[in-house]
Amino acid sequence: MGWPSATSCPRAACRMDQVVLSYGDCLLRSSDVALLDGPHWLNDNIIGFIFEFLASTLAPSTAKRVALLSPEVSQFIKCCGNDVQEFLQPLDLPKKDLVLLPVNDNAGTEAGGTHWSLLAYLRSAREFLHYDSAPGTNAPHARLMARNLSSMLAGKPHYREEEAPAQHNSYDCGMYVVCVAQALCEQYFRGGNNLSLQIITPQYVTLKRSEWKEIIRGLGSHSKATCGP
């Protein structure tokens, strides 16, 4: 089911395209935020915003040790092989203790794909952990991303498929990515490699959809109030 077209319903399409929030490098439109209502698959814009928001809420001492990469940067790493090193140098990834990358099953550089998963690099363990809510679906893409990124990381990190909370429908993969990413950010610096994701259930994921929509609404309202009429 597609969005209204500009030719058949111009006013509705215009409303769906309204900018509701500009946050860091992210620009969210009404059509992006509507994806949080479900049952919808999250796009690059929503996942990119949530990653940027999570990074901004970390304590300064923690934030400098974590990198949450946008879907666009992650896809670039996957598609561009050994050419990524110069591009990624400003991110100083070899010095990060935790690097989180959303993985998409799109094989090209254009927007697309049908499934999201999460790749995590843990420097203390010298390994990549792949969290896939539909086990095995994105493994080839995550392995390729890990291989391309390994060239600039010390110690030749190992790759491992990690047990992950499982989605129970065809559209919540992106929500599982952001929920697992948030849990890793909250737990990693408290308990090292002893990570627990049991809290991430289908009910929890549904609740998080509403919570993220409220966060976006609140940030948008604050931005309008700050800018004035």
Side-chain angles (χ1 to χ4, degrees), residues 26 35-36 41-55 57-58 62 65-79 88 91 93 96-107 112-150 153 157-189 191 193-202 204-205 208-209 212:
C26 298
L35 299 177
L36 287 166
W41 189 82
L42 299 191
N43 64 10
D44 296 36
N45 293 337
I46 288 290
I47 292 177
F49 159 74
I50 293 176
F51 270 40
E52 186 155 350
F53 182 85
L54 290 175
T57 57
L58 294 173
T62 300
R65 301 166 61 188
V66 178
L68 291 104
L69 304 189
S70 70
E72 294 83 1
V73 172
S74 299
Q75 187 72 1
F76 178 83
I77 292 171
K78 187 179 76 175
C79 294
L88 296 177
L91 300 179
L93 296 183
K96 303 298 183 183
D97 292 311
L98 178 65
V99 181
L100 300 176
L101 309 94
V103 181
N104 191 281
D105 64 351
N106 181 20
T114 60
H115 185 61
W116 292 107
S117 59
L118 181 73
L119 183 67
Y121 166 65
L122 283 62
R123 186 169 69 153
S124 62
R126 291 185 178 179
E127 65 181 348
F128 287 101
L129 302 181
H130 182 221
Y131 297 89
D132 194 338
S133 57
T137 304
N138 269 5
H141 302 274
R143 284 183 180 277
L144 177 59
M145 189 178 293
R147 184 165 65 246
N148 292 345
L149 197 55
S150 290
L153 299 174
H158 299 288
Y159 173 93
R160 178 156 56 95
E161 290 288 329
E162 185 73 347
E163 184 176 354
Q167 66 186 89
H168 291 242
N169 54 46
S170 62
Y171 54 83
D172 263 337
C173 53
M175 281 302 305
Y176 277 87
V177 165
V178 298
C179 289
V180 171
Q182 184 173 10
L184 295 183
C185 285
E186 292 172 350
Q187 295 181 29
Y188 181 72
F189 296 100
N193 299 332
N194 298 318
L195 306 172
S196 174
L197 304 177
Q198 294 180 353
I199 191 176
I200 304 175
T201 63
Y204 178 88
V205 168
K208 280 294 182 179
R209 280 184 176 268
W212 281 114

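- Although no hydrogens or angles enter the test, the distance criterion places a donor-acceptor pair under 3.5 Å between the side chain of Asn43 and the main chain of Ile46.
- Between the Gln187 side chain and the Ser196 main chain, a donor and an acceptor come within less than 3.5 Å of each other.
- A donor-acceptor pair under 3.5 Å is formed between the side chain of Gln75 and the backbone N or O of Asn106.
- Under the 4.5 Å side-chain criterion, counting only non-hydrogen atoms from C-beta, Asp172 is in contact with Arg209.
- Formation of a donor-acceptor pair under 3.5 Å by the Tyr176 side chain with backbone atoms of Ala166 is found in this model.
- Looking at heavy atoms from C-beta onward, Pro135 lies out of side-chain contact with Glu163 at the 4.5 angstrom threshold.
- At least one donor-acceptor pair closer than 3.5 Å links the side chain of Trp41 to the backbone N or O of Thr114.
- In this structure a side-chain-to-backbone donor-acceptor pair under 3.5 Å is missing from Asp105 to Asn138.
- Tyr188 and Thr62 form no side-chain donor-acceptor contact under 3.5 Å, judged by distance and modelled atom types alone.
- Between Leu100 and Val180 the shortest side-chain heavy-atom distance does not fall below 4.5 Å.
- A donor-acceptor pair is defined here as one N or O able to donate and one able to accept, closer than 3.5 Å; such a pair exists between the side chain of Lys78 and the backbone of Asn104.
- Put simply, the side chain of Val177 reaches to within 4.5 Å of the side chain of Phe51, judged on heavy atoms.
- Looking at every heavy atom in both residues, Trp116 comes nearest to Asp132 through O-OD1, 4.5 Å.
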